[in-house]
Amino acid sequence: MQQFALLTSLILIFGVIAGFLYVAINTSQAGDKAEIQQSINTLRTKTLWLMIGVGVPLTLALAYRWPHAPEGFQGEPITVSAESGQWYWNLSQFELPVGTPIVFELTTVDVNHGFGVYDEEFELVTQAQAMPGYTNKLNYVFKKPGLYTVACLEYCGVAHHAMLAEIDVVDPVTYANNQSNE
Amino acid sequence: MSESDVIIAKDQTMPTGQVSLIARSAILIASLVFVLMMAVGLLLRSVQGGFVTIAPDMFYKLMTLHGVGMVGAAGLAGFAVMWYFLNKYVALSKAMFLAFLGTFLIGVVVIIGSIMIGGFGGAWTFLYPLPVQSGGVWEAQAAILFLVGLLLIGVAFLLGYLDVGRALIKEYGSLAKSIGWPALFGNAEAPPPTIVASTAVTIVNVIGTVAGAAIILMSIFNAIAPTFSVDALLAKNLTYFFGHVFINASIYMTVMAVYEIVPLYTGRAWKSSKIFLIGWTITLFMVMAVYPHHLFQDLAMPPWLLVAGQIGSYVSGIPVIAITTLALFGYLFKSGARWDLSLSLLVLGVFGWAGGVIPAIIDGIISVNKVMHNTMWVPGHFHFYLLIGMVSMAFGFMVWIGRQGTASAFRGVEKLSFAAYVIGGLGLVAMFLISGANSVPRRWAEHLVQWQSYSQLATVFAVITVLGAIAMLFYGIAGAAKTATKT
């Protein structure tokens, strides 16, 4: 997702750069004002139709499948309470099964915090805010096993960057065995 | 590009005398703050890169200073640009501008005191209840001082905007007329672009500043008497509504320099066409409606507001790209305009604005935001349209106002300084965006080892940017000094 977002942005940004460079190298010449105005009006009409006609339905389509309800989120979920405070995470479970829907119930005892989940390669896989007075329910399905890191993603004071926790994501059989042994 | 001298046309309708002096002073103060805060930003990036070590509390204090200083300077620079050009068309009160500037500067002193003496490090966004719940790092008094400083700055801007609103109504009869609705919906003559844009800015910033003042006051009450608690979600909504409107308005004000100065080079007047009027009317509503895109990860928000935020984010970008940018292209293309420093900075500014809108729109998609929110992607897009966009336009205005009517070649050393600013700025922005795409969080005093190389490269680009910006400030001061000795 992130690399796709970067690539899309870069392509569009290079398009804007190309437009500015083209105009910049043609600025010092003289040209027919009325003719240029006519071309710009045509270009503007096309751009507006493109941005409205394609862009608006696209943005609507991107919100159609609700982004806060992840793919594969079916069946009985496991609920994990995740209480935050300056500067700690207190999770009801630090071991979770892969491929199972999880609902993280995010709360805070003091200020706003951000519950950011990083995988083993330190790629951010999901996040939601924890805010005073509310319980935010973050739905997620871990796609691969491994040691995940919870990092704070809302600035919360002097030890914000050190507010970390670990979640061990294991296969469902190991998870079930460990649960029954407890 | 020609090496020969360009005589910057001196438009006889441009304000001179005291109005020019006041505007020049204000833009120089703002630009000085830009450069100082850039140096602070450079330090922050070098700490994240592991080049320099400072304690986390100092990092977060400097981060707060950098944010609040930049936002304040952006507001001041924008207001100076708008105020100067508005004087062409309406009668503004110089006393009111000085009251604005005086109150603003008192607010600045109070804020610096709260950070550097009081130790406040709650970030410029003062997200309730962090200012008063610091985890024992700073006292409630420091937070109160910071908030009072912000309130003073808010009052300063309100004074300024109320005078602008008064002058617009006096001249045009109503704000509906000065934003061009009789021309949009009928056949009346449209007001000049600066008037249309000023009206939109005045409306949104009066509302935005009042919303900001409301949450600041509630936070102050909470600091004095903790039993007065505020709903955290309401507080967040108010904070981001205010912050979003204020920072966008600073760009809208600064772009008036493009409307007014570019025609002096191209000989093609910037017109209030129907599409221009539609663009500003859409912007008027959109800038107030899209702030929920800052709250996509607040799952207690009503989903329809989040969807509205996503669509609004996209729609907000349309006027910038399809109207402002293409209009600029039309005015510049084969106009015979000669490039100099001022024109280059102004055009760079529009580029920065248009370019920065793209990663902003991408991050304004909820599913992308899920893995991009509060990563370095966010400072990536706003540095794009503020550092390369808004600040370039402010610098362009500063250089122009000090040189109008004089011969101005685009000298080699100026080209070099300009190139430094462009390359440094683009490199810095690219490093933010690439870091964000690689999940590096924003606002972290210490970075993991695997993230440090991004910050190290960013530090190099930041050094180049600061050198370019110092040169711009030098050209601004030199121009002002020359004008001062002439008058």
Side-chain angles (χ1 to χ4, degrees), chain A residues 1-3 5-6 8-9 12-13 16 19-20 23-24 26-31 33 36-37 40 43-44 47-48 51 55-56 59-60 62-63 67-68 86-87 110-112 114 116 118 122-129 131-134 136-138 151 153-161, chain B residues 1-2 56-57 60 121 123 127 129-130 133-135 137 231-233 236 268 275 297-300 307 310-311 314 318 322 326 329-330 332-339 347 351 354-355 358-359 362 365-368 370-375 433-434 437-439 441 443-446 448 450:
Chain A
M1 173 70 85
Q2 286 98 323
Q3 298 308 320
L6 178 64
T8 311
S9 299
L12 294 170
I13 291 166
V16 174
F20 271 86
V23 171
N26 282 292
T27 293
S28 302
Q29 303 166 32
K33 192 175 150 185
I36 293 161
Q37 198 52 52
I40 282 291
L43 181 63
R44 186 173 56 205
T47 311
L48 277 172
M51 291 191 82
V56 173
T59 183
L60 273 170
L62 288 169
H68 291 306
Q86 286 166 322
W87 291 276
D110 41 49
V111 300
N112 286 275
Y118 282 80
F122 257 86
E123 184 176 317
L124 183 60
V125 294
T126 191
Q127 68 170 308
Q129 294 264 309
M131 73 185 98
Y134 289 85
N136 281 337
K137 292 181 180 177
L138 171 67
L153 285 184
E154 185 60 74
Y155 175 61
C156 59
V158 73
H160 163 58
H161 58 281
Chain B
M1 289 179 205
S2 168
D57 66 325
Y60 291 123
L127 201 55
L130 180 61
Q133 290 197 36
S134 70
V137 181
D231 182 279
L233 189 56
K236 229 176 199 178
R268 298 173 186 169
I275 197 80
Q297 302 315 321
D298 291 285
L299 304 180
V307 174
Q310 172 168 318
I311 297 164
Y314 174 73
I318 297 177
L326 288 183
F329 284 3
L332 278 178
F333 194 75
K334 294 191 176 171
S335 62
R338 300 274 191 83
W339 290 99
V347 173
F351 160 71
I358 291 164
I362 298 284
I365 299 166
I366 303 168
S367 49
V368 175
K370 196 87 199 152
V371 288
M372 293 293 222
H373 181 62
N374 279 348
T375 67
L433 292 176
I434 293 167
N438 286 288
S439 304
R443 293 179 171 148
W444 272 33
E446 287 170 18
L448 302 181
Q450 66 260 42

Engaged part of A:Leu124 at the chain B interface, taking heavy atoms whose separation is under 4.5 Å
both
Regarding A:Gln2 and B:Asn438, do their side chains bring together a donor and an acceptor under 3.5 Å, going by distance alone?
no
Can you see which heavy atom on B:Pro441 is nearest to which on A:Leu153, and at what distance?
CB-CD2, 3.5 Å
Determine, step by step, whether B:Lys370 and A:Thr126 satisfy the side chain to side chain contact (heavy atoms under 4.5 Å, CB included) criterion, reporting the C-alpha distance in whole Å, the side-chain angles of both residues, the deciding distance to 0.1 Å, and the verdict.
CA-CA 6 Å; B:Lys370 196 87 199 152; A:Thr126 191; 3.2 Å; yes
Scanning both residues in full, the closest heavy-atom pair of A:Asn136 with B:Ala300 reads OD1-N, 3.1 Å
Region of B:Phe333 that comes under 4.5 Å of a non-hydrogen atom in chain A:
both
I need the minimum non-hydrogen distance between A:Asp110 and B:Pro129, along with the two atoms involved.
O-CG, 3.6 Å
Report the distance from atom CG of B:Asp231 to atom CE of A:Met131, rounding to the nearest 0.5 Å.
9.0 Å
For a quick test of reading the model, state the closest non-hydrogen atom pair linking A:Ile13 to B:Gly355 and the distance between them.
CG1-O, 4.0 Å
Under 4.5 Å from any heavy atom of chain A, what part of B:Leu233 do you find: side chain, backbone, both or neither?
both
Roughly how far, to the nearest 0.5 Å, is the CG atom of A:Asn112 from the CG atom of B:Leu130?
8.5 Å
What is the ring orientation for B:Tyr60 with A:His161, classed by angle as parallel under 30°, tilted 30 to 60°, or perpendicular over 60°?
tilted
Do B:Gln297 and A:Glu154 pass the side chain to side chain contact (heavy atoms under 4.5 Å, CB included) test, and can you show the C-alpha distance, the side-chain angles, and the key distance before you say yes or no?
CA-CA 11 Å; B:Gln297 302 315 321; A:Glu154 185 60 74; over 6 Å; no
Heavy-atom contact with chain A under 4.5 Å, split by part of B:Ile366
both
Rounded to the nearest 0.5 Å, what separates atom CD in A:Gln127 from atom CE in B:Met372?
11.0 Å
Winner by heavy-atom pair count (cut-off under 4.5 Å) against chain B, out of A:Leu62, A:Thr27, A:Leu12
A:Thr27
How long is the gap from CD1 on B:Ile275 to CZ on A:Arg44, to the nearest 0.5 Å?
5.5 Å
Nearest 0.5 Å, please: how far is CD1 in B:Ile362 from OG1 in A:Thr8?
5.0 Å
Just so I know, are the side chains of A:Ser28 and B:Trp339 near enough to count as touching, which here means a heavy-atom distance under 4.5 Å?
yes
Pick one of side chain, backbone, both or neither for A:Met51, based on which atoms fall under 4.5 Å of a heavy atom in chain B.
both
When you compare the side chains of A:Glu123 and B:Ser439, does any donor N or O come within less than 3.5 Å of an acceptor on the partner?
no
Between A:Gly133, A:Gly19, A:Ala159, the one whose heavy-atom pairs under 4.5 Å with chain B are most numerous:
A:Gly19
Per-residue tally against chain B (heavy atom, under 4.5 Å) across A:Val16, A:Val125, A:Val111, A:Thr47 peaks at A:Val111
Contact class of A:Tyr134 relative to chain B, heavy atoms under 4.5 angstrom
side chain
Between A:Tyr155 and B:Asn374, a side-chain donor and acceptor under 3.5 Å
no
Minimal heavy-atom distance between B:Gln310 and A:Thr59, with the atoms involved, is NE2-O, 2.7 Å
Of the backbone (N, CA, C, O) and the side chain (C-beta and beyond), which part of B:Val137 lies under 4.5 Å from a heavy atom of chain A, both, or neither?
side chain
Between the side chain of A:Gln3 and the main-chain N/O of B:Ala437, is any donor-acceptor distance below 3.5 Å?
yes
Please rank B:Ile434, B:Asp57, B:Thr375, B:Leu127 by heavy-atom pairs under 4.5 Å with chain A and give me the top one.
B:Leu127
Part of B:Ser134 lying under 4.5 Å from any heavy atom of chain A:
backbone
